[in-house]
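Have a look at the structure below, then the notes.
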There are 2 protein chains.
Amino acid sequence: MAANSQFSMAVHVLTMLARAGDDNVKSDYIAASVNTNPVVIRRILSQLNAAGLVSSQTGAFGGTRLAKPPAEISLCSIYKAVSCGEVFALHAKSPNQDCPVGRGIESVLCNLQKEIEKSVGEKLGQYSLATVIEMVSVAHA
Amino acid sequence: MAANSQFSMAVHVLTMLARAGDDNVKSDYIAASVNTNPVVIRRILSQLNAAGLVSSQTGAFGGTRLAKPPAEISLCSIYKAVSCGEVFALHAKSPNQDCPVGRGIESVLCNLQKEIEKSVGEKLGQYSLATVIEMVSVAHA
DNA sequence: CTCTTTGTAACTATACTTGTTACAGATATG
DNA sequence: CATATCTGTAACAAGTATAGTTACAAAGAG
């Protein structure tokens with residue numbers, strides 16, 4: 001279980017919240033749908049809260065609900081909210097600076113990485129949580 | 001060292017090969033520039049060979065050289081050649097199929113994943129190994 | 001005060017990536 | 001043919017990230 005599935009889980013979590021409207025949803029309830037431990041859900045909700053996408057309430061009858069309407073939550077903002085890795089990683093160890101290629105390749109790859117990341121963000125920005133809800137409904141209709 | 005840097009290393013390796021023209025390049029020489037073990041380089045070359053991007057020769061005075069001109073090697077083909085993970089992973093454990101969201105979310109995320117992957121491929125396809133070589137040259141000129 | 005629920009720390013298990021050693025197989029050269 | 005060189009690949013060790021789990025402090029409703 002090493003592949004980062006936080007984005008997938010975050011979309012799942014937010015879809016659950018969206019369907020609950022203004023009601024507080026408990027992490028246990030979401031965990032049952034995602035099929036994982038409530039703490040895993042609370043860890044994701046913690047990141048979504050930091051990004052201002054949800055708001056939580058502790059105590060009895062507490063729980064979490066969306067901080068904005070689903071149409072205003074883009075998949076890009078979800079992607080940025082959870083700590084996903086990059087599309088591809090740069091060199092683990094710095095290349096040999098005595099070699100012309102080793103000296104120049106890092107900055108080229110770094111710029112490319114940024115450009116790809118931007119491209120992914122733009123593509124994800126074309127969709128909102130509302131889109132996902134609609135697609136989920138259609139999928140099993 | 002868990003982040004997958006094979007794409008970065010592959011681009012580095014191919015840049016080295018491109019600069020050598022039609023000469024065979026040894027894995028030890030490339031490893032010195034990438035600052036890693038020759039076996040790591042040979043593992044990447046093995047994947048690039050399977051993708052038809054390079055051709056290797058065993059034995060004395062053996063080594064590897066490009067199978068095509070740099071301008072015909074797109075970064076997309078390099079990305080596909082090395083076994084990078086996906087931009088985001090799907091659920092590790094299948095969601096609860098008794099929940100409407102759990103039942104529908106997987107296919108939605110899977111389609112989204114394919115679309116993002118396609119988008120990344122198109123962006124990478126805008127660049128070739130020749131572009132990288134030029135950028136590396138300019139970077140430290 | 002009591003019960004419920006979040007927030008978070010700490011630990012474990014697992015899996016992936018890289019690094020390393022070792023060796024079989026191929027090939028150029030004498 | 002013998003030898004030296006280089007690739008290809010298996011096997012294993014080490015490091016690190018993710019997910020899962022337990023435990024508990026803190027907050028809040030009744």
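Since this is a predicted model, take the numbers as computed values, not measurements. By convention in this document, chain letters (A, B, ...) are assigned in the order of the sequence lines, proteins followed by strands, and residues within each chain are numbered from 1.
- Atom CD1 of B/Ile30 and atom C1' of D/dC6 are 12 Å apart (whole Å).
- Backbone-only contact: A/Ser5 has heavy atoms under 4.0 Å from sugar-phosphate atoms and none from a base.
- Ranking D/dA23, C/dT20, C/dT5 by closeness to the A/Thr58 side chain, first place goes to C/dT5.
- Atom C1' of nucleotide D/dT18 and atom NE2 of B/His91 are separated by 15 Å, given to the nearest angstrom.
- Rounded to whole Å, atom C1' of C/dT20 lies 14 Å from atom CD1 of B/Ile41.
- Between the CG atom of B/Leu90 and the P atom of D/dT18 there is a distance of 16 Å, rounded to whole Å.
- When the nearest nucleotides of DNA chain D are assigned to A/Gln57 and B/Lys26 by heavy-atom distance, the more 5′-ward of the two goes with B/Lys26.
- Residue contacts shown for A/Thr64 are absent, as no nucleic acid heavy atom lies under 4.0 Å away.
- One can place CD of A/Gln47 at 11 Å from P of C/dT8, the figure rounded to the nearest angstrom.
- Between A/Ser56 and C/dT5 there is no side-chain polar atom (N or O) within less than 4.0 angstrom of OP1 or OP2.
- Look at CG on B/Asp28: it is 13 Å from C1' on C/dT20, rounded to the nearest Å.
- Taking atom CZ on A/Phe88 and atom P on C/dC16, their separation rounds to 22 Å, with Å as the unit.
- As rounded to whole Å, 15 Å separates atom P of D/dC6 from atom CZ of B/Arg65.
- Hydrophobic clustering (side-chain heavy atoms under 4.5 Å, transitive across Ile, Leu, Val, Met, Phe, Trp, Tyr) groups A/Leu124 together with B/Leu90.
- Considering every non-hydrogen atom in both B/Gln113 and B/Ala89, the closest pair reads NE2-CA, 4.2 Å.
- Listed pair A/Gln6 / D/dA19 meets the phosphate criterion, a side-chain N or O lying under 4.0 Å from OP1 or OP2.
- In terms of modelled atom types and a separation under 3.5 Å, the side chain of A/Glu106 and the main chain of A/Gly104 share no donor-acceptor contact.
- With DNA chain C read from its 5' end, the first of the two nearest nucleotides for A/Arg43 and A/Phe61 is the one closest to A/Phe61.
- The side chain of A/Thr36 sits closest to D/dG20 out of C/dT6, D/dT7, D/dG20.
- The side chain of B/Arg42 approaches D/dG8 more closely than any other nucleotide in the set C/dC3, D/dG8, C/dG7.
- Looking at the side chain of A/Ala60, the nearest of the listed nucleotides D/dA19, D/dA29, C/dA28 is D/dA29.
- Closest approach to the B/Asn37 side chain among C/dT20, D/dT22, C/dG7 is made by C/dT20 (side chain taken as heavy atoms from C-beta onward).
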Go through it in stages, so that I can follow the logic: the residues are A/Val34 and B/Val101, the test is side-chain contact (heavy atoms from CB on, under 4.5 Å), and I'd like the CA-CA distance, side-chain angles, deciding distance and then a yes or no. CA-CA 9 Å; A/Val34 177; B/Val101 177; over 6 Å; no

Test side-chain contact (heavy atoms from CB on, under 4.5 Å) on A/Phe88 and B/Val120; report intermediate values, then the result. CA-CA 11 Å; A/Phe88 63 86; B/Val120 168; over 6 Å; no

Take B/Val87 and A/Val87, measure what side-chain contact (heavy atoms from CB on, under 4.5 Å) needs, and give me the verdict at the end. CA-CA 5 Å; B/Val87 174; A/Val87 174; 4.1 Å; yes

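- Among the heavy atoms of the strands lying under 4.0 Å from A/Val25 are primed sugar atoms or P, OP1, OP2 only; no base atom is included.
- Closest contact between the side chain of B/Val39 and the listed nucleotides D/dA19, D/dT9, D/dA23 involves D/dT9.
- When distances run from any side-chain atom of B/Lys93 to the nucleotides C/dT21, C/dA28, D/dG20, the shortest one goes to D/dG20.
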